[in-house]
Amino acid sequence: MRIKYALLICGLSLVTVLGGCGSSAADDKNGSENEPSEVIVLDDDDEVLVSDDETQDESSNEALKAYCEILSSMPAIEGEHDEIDNAAFGYEENHAMFGDHLDAFLVYDINKDGVPELIASSTVNFRWEPIYVYTYVDGQAVLLKDPVQPDSHGTFEQNASANGGYLTYFCDNNHIHSFWGGNVMDEQMVEDNAYELNGTELILTTCDIDCEGVFFNYDTIKPNTEEYISYMAQ
């Protein structure tokens, strides 16, 4: 669906996401000058050449392992808690009561490089839900920071305790968007920040609002439980 249309449908709802992606390549019977050849290993001194697809698959698997460790180290809050229904319940109070926790997650390849990112949410209260975006570079999972708000607890603070609401989505221009919409002094206002992923940095950029995209919503997110972590690791 078109982003502009979808935003009208979603209104000011606060949403999180789960997405998935994959990549495949057709075999070229005639080969390619740019494609490394396969080597039969005869002894320990032989060099093994692998295709780009094999390298991406290995990096993707290593990224998923790293993401599983992150999710396992910060399990979701269990049960129902009246404090979370209070918009005045703050981050420090939440952390003192529940510790570090990621409550829902998705895995999605934002820039379509064959190695997925981890996007997770942590509920402070029903109006405040920081989003944590991790990418995998040089053998490490790295938390990305929003250049607009670098001191945020996660990547995007998404604190709508005052007014309005947030949503996160990925567009087909390979951007991640943090969208806010609200009513300020009886005037409807929106702010849609689009970011490119460059290594371990998010770069603020411009983006066509009419591009197609994927919204993150409660129909597709997965709770951060052992069951779903194990499923992702398979």
Side-chain angles (χ1 to χ4, degrees), residues 3 6 15-26 50-76 100-122 129-147 152 154-156 158 166-179 193-205 207 211-234:
I3 292 295
V15 296
T16 5
V17 210
L18 172 75
C21 73
S23 61
S24 62
V50 297
S51 68
D52 289 342
D53 284 348
E54 290 171 328
T55 302
Q56 287 179 349
D57 287 344
E58 182 178 356
S59 296
S60 178
N61 290 336
E62 292 301 317
L64 291 177
K65 290 179 183 178
Y67 299 157
C68 285
E69 291 180 3
I70 291 172
L71 293 168
S72 296
S73 69
M74 293 184 278
D100 294 327
H101 56 92
L102 297 174
D103 300 301
F105 73 94
L106 66 89
V107 175
Y108 188 85
D109 188 354
I110 296 173
N111 58 356
K112 304 299 188 293
D113 65 349
V115 180
E117 279 68 50
L118 170 68
I119 300 91
S121 63
S122 178
E129 193 168 71
I131 301 295
Y132 295 75
V133 183
Y134 293 87
T135 192
Y136 188 79
V137 176
D138 295 332
Q140 290 187 330
V142 179
L143 176 65
L144 302 176
K145 300 299 288 187
D146 180 3
S152 62
T155 305
F156 305 123
Q158 297 211 341
Y166 284 92
L167 59 85
T168 302
Y169 68 92
F170 303 143
C171 74
D172 59 2
N173 290 329
N174 300 344
H175 299 149
I176 183 170
H177 290 248
S178 179
F179 175 90
N193 289 333
Y195 303 85
E196 292 179 351
L197 176 54
N198 182 12
T200 59
E201 293 186 340
L202 288 178
I203 309 297
L204 193 65
T205 187
C207 188
C211 67
E212 293 186 353
V214 175
F215 283 88
F216 299 98
N217 56 58
Y218 290 108
D219 292 330
T220 52
I221 62 172
K222 295 298 181 186
N224 181 19
T225 63
E226 291 184 7
E227 176 186 2
Y228 287 106
I229 295 173
S230 300
Y231 179 79
M232 181 180 73
Q234 293 176 357

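When all heavy atoms of Val115 and Ala63 are compared, the closest pair comes out as CG1-CB, 4.0 Å. In this structure, His101 and Ser122 approach most closely via the heavy-atom pair O-OG, 2.7 Å. Across Ala76 and Asp103, no two heavy atoms sit closer than the pair CA-OD1, 3.4 Å. Closest approach of Phe105 and Pro223 over heavy atoms only: CE2-O, 3.6 Å. Nearest heavy atoms, Gly114 versus Ser60: O-CB, 3.7 Å.
A distance of 12.0 Å separates CD1 of Ile176 from SG of Cys207, quoted to the nearest 0.5 Å. Summarising the geometry, atom CD1 belonging to Ile70 is positioned 5.0 Å from atom OH belonging to Tyr134; distances are rounded to the nearest 0.5 Å. Here the OH atom belonging to Tyr195 is positioned 13.5 Å from the CD atom belonging to Glu201, to the nearest 0.5 angstrom. Asn198 contributes atom CG, which lies 10.5 Å from atom OG1 of Thr135 (distance to the nearest 0.5 angstrom). From Glu196, atom CD reaches atom CG of Asn174 across 9.0 Å, with rounding to the nearest 0.5 Å.
In this structure, the side chains of Met232 and Leu64 come closer than 4.5 Å at one or more pairs of heavy atoms. Residues Glu117 and Asp109 form a side-chain contact, since some pair of their non-hydrogen atoms from C-beta on lies under 4.5 Å apart. Residues Ile203 and Pro147 form no side-chain contact, since every pair of their non-hydrogen atoms from C-beta on lies 4.5 Å or further apart. Using a 4.5 Å heavy-atom threshold, the side chains of Thr168 and Val133 count as separate.
Proximity of a side-chain donor or acceptor of Lys145 to a complementary backbone N or O of Ser152 within less than 3.5 Å is detected. Looking at Asn224, its side chain does come within 3.5 Å of a backbone N or O of Met74 through a donor-acceptor pair. Side-chain atoms of Ser121 never come within 3.5 Å of backbone atoms of Glu129 as a donor-acceptor pair (strictly under, hydrogens ignored). Not one N or O on the side chain of Gln158 forms a donor-acceptor pair closer than 3.5 Å with the backbone of Tyr166. In terms of modelled atom types and a separation under 3.5 Å, the side chain of Thr155 and the main chain of Asp146 share no donor-acceptor contact. At distances below 3.5 Å, not a single donor-acceptor pair connects side-chain atoms of Asn173 with backbone N or O atoms of His175. Looking at Tyr108, its side chain never comes within 3.5 Å of a backbone N or O of Phe170 through a donor-acceptor pair.
A perpendicular orientation is assigned to the rings of Tyr67 and Tyr136, their planes being inclined by more than 60° (bins at 30° and 60°).
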